[in-house]
Amino acid sequence: VQLAHLMRDVKFSDPPMDCLGPVGEYNLRWGIIKELKPDMVATFQDAGCTHEGHPMVVEAGVCLGGRDAKPGITVYRFANRIPLLFEGGADVATQVSKRRINWSTYKIRHSVDKIGVFVSLVSTKVPFKGTGKEYIGDDVKAMADAVQSAIKQCCGQLRQKLEPCIAV
């Protein structure tokens with residue numbers, strides 16, 4: 001019991017992030033531009049955080065317009081550089097981008113504009129839901145907050161680009 005109480009009081013340092021291999025902002029931006037040819041694109045990579053003692057980096061990209069884009073939000077999800085193709089509706093990236101982002105704050109009309117949201121999660125232990133490793137649930141608060149923060153950073157970059165266009 002004494003050991004358990006002592007362990008609660010110890011502040012452990014975060015694990016190093018250098019063991020992870022994220023795509024990187026430059027490569028993410030270049031890939032989005034190459035594949036979709038959007039009108040505008042913004043990318044962001046966070047410094048990293050931890051989930052249950054495992055290092056985690058969230059990368060995000062948001063683009064407006066593009067080839068074959070449909071009005072509304074289209075979410076592209078990746079885990080450790082692998083695209084997640086199934087169960088998209090329950091994924092943390094989809095839930096955050098459709099429910100936790102106030103797009104009008106960033107001068108983006110989410111129902112009319114053609115928005116592409118890219119979220120890449122890189123970790124030594126990705127918290128997949130189910131045995132099929134098809135999606136990442138939105139029940140992990142630290143992860144949902146990291147994804148939301150990354151998407152908001154991208155939206156802030158886009159807003160800076162959009163404001164001069166709106167003023168004209």
Side-chain angles (χ1 to χ4, degrees), residues 3-4 6-36 38 40-64 66 72-103 105-106 108 110 115-158:
L3 180 61
L6 287 172
M7 294 297 283
R8 268 187 257 161
D9 296 335
V10 174
K11 300 292 182 202
F12 293 100
S13 61
D14 289 339
M17 301 292 162
D18 59 355
C19 64
L20 302 176
V23 175
E25 274 192 78
Y26 174 80
N27 290 330
L28 182 60
R29 178 184 304 269
W30 188 79
I32 293 169
I33 291 170
K34 180 179 173 253
E35 293 299 319
L36 297 180
M40 291 185 193
V41 65
T43 56
F44 178 77
Q45 177 181 333
D46 71 359
C49 58
T50 59
H51 169 64
E52 295 180 352
H54 296 277
M56 175 179 65
V57 172
V58 175
E59 301 171 298
V62 177
C63 68
L64 297 176
I73 301 170
T74 304
V75 181
Y76 303 89
R77 311 165 295 124
F78 302 88
N80 289 338
R81 297 185 181 196
I82 308 296
L84 302 174
L85 303 175
F86 303 105
E87 299 290 335
D91 191 82
V92 65
T94 305
Q95 293 297 316
V96 167
S97 61
K98 293 192 176 181
R99 293 188 179 168
R100 293 179 65 182
I101 303 292
N102 184 2
W103 294 98
T105 302
Y106 304 101
I108 300 171
H110 72 281
I115 306 167
V117 177
F118 297 79
V119 175
S120 174
L121 175 75
V122 182
S123 180
T124 55
K125 181 183 177 190
V126 178
F128 289 111
K129 291 295 180 187
T131 57
K133 297 184 177 181
E134 296 170 343
Y135 73 101
I136 302 166
D138 66 337
D139 57 341
V140 179
K141 181 165 177 31
M143 186 175 312
D145 290 345
V147 169
Q148 181 178 6
S149 174
I151 293 173
K152 283 184 173 183
Q153 290 288 333
C154 294
C155 291
Q157 293 173 32
L158 288 176

> Can Asp139 and Lys129 be counted as an ion pair, charged N to O under 4.0 angstrom?
Replying inline: yes
Is there side-chain contact between [X] and [Y], with heavy atoms separated by less than 4.5 Å?
X	Y	answer
Leu64	Ile115	yes
Asp138	Val96	no
Val92	Val140	no
Tyr76	Pro83	no
Gln45	Pro22	yes
Val23	Phe118	no
Leu36	Cys63	yes
Val119	Phe78	no

>> Can a side-chain donor-acceptor contact be found between His54 and Thr124 if the only test is distance below 3.5 angstrom?
In response: yes
Quick one: closest heavy-atom pair of [X] and [Y], and the distance?
X	Y	answer
Lys152	Tyr106	CG-OH, 3.4 Å
Gly61	Leu28	N-CD2, 4.0 Å
Arg100	Ala144	NH1-CB, 3.0 Å
Ser97	Ile73	O-CD1, 3.6 Å
Met143	Pro127	CE-CG, 2.8 Å
Val147	Ala93	CG1-CA, 4.3 Å

Quick one: [atom1] on [X] to [atom2] on [Y], what's the gap to the nearest 0.5 Å?
X	Y	atom1	atom2	answer
Glu52	Thr50	CD	OG1	10.0 Å
Glu134	Arg77	CD	CZ	9.0 Å
Gln148	Lys141	CD	NZ	8.0 Å
Lys133	Asn80	NZ	CG	9.5 Å
Phe44	Gln153	CZ	CD	4.5 Å
Asn102	Ile108	CG	CD1	10.5 Å

>> Between Asp91 and Ile136 (side chain of the first, backbone of the second, donor and acceptor by atom type, cut-off under 3.5 Å), is there such a pair?
In response: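 Yes, the answer is positive, given that a donor and an acceptor are paired below the 3.5 Å cut-off.
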> So Thr43 and Glu59, side-chain contact (heavy atoms from CB on, under 4.5 Å) or not? Walk me through it.
Replying inline: CA-CA 8 Å; Thr43 56; Glu59 301 171 298; over 6 Å; no
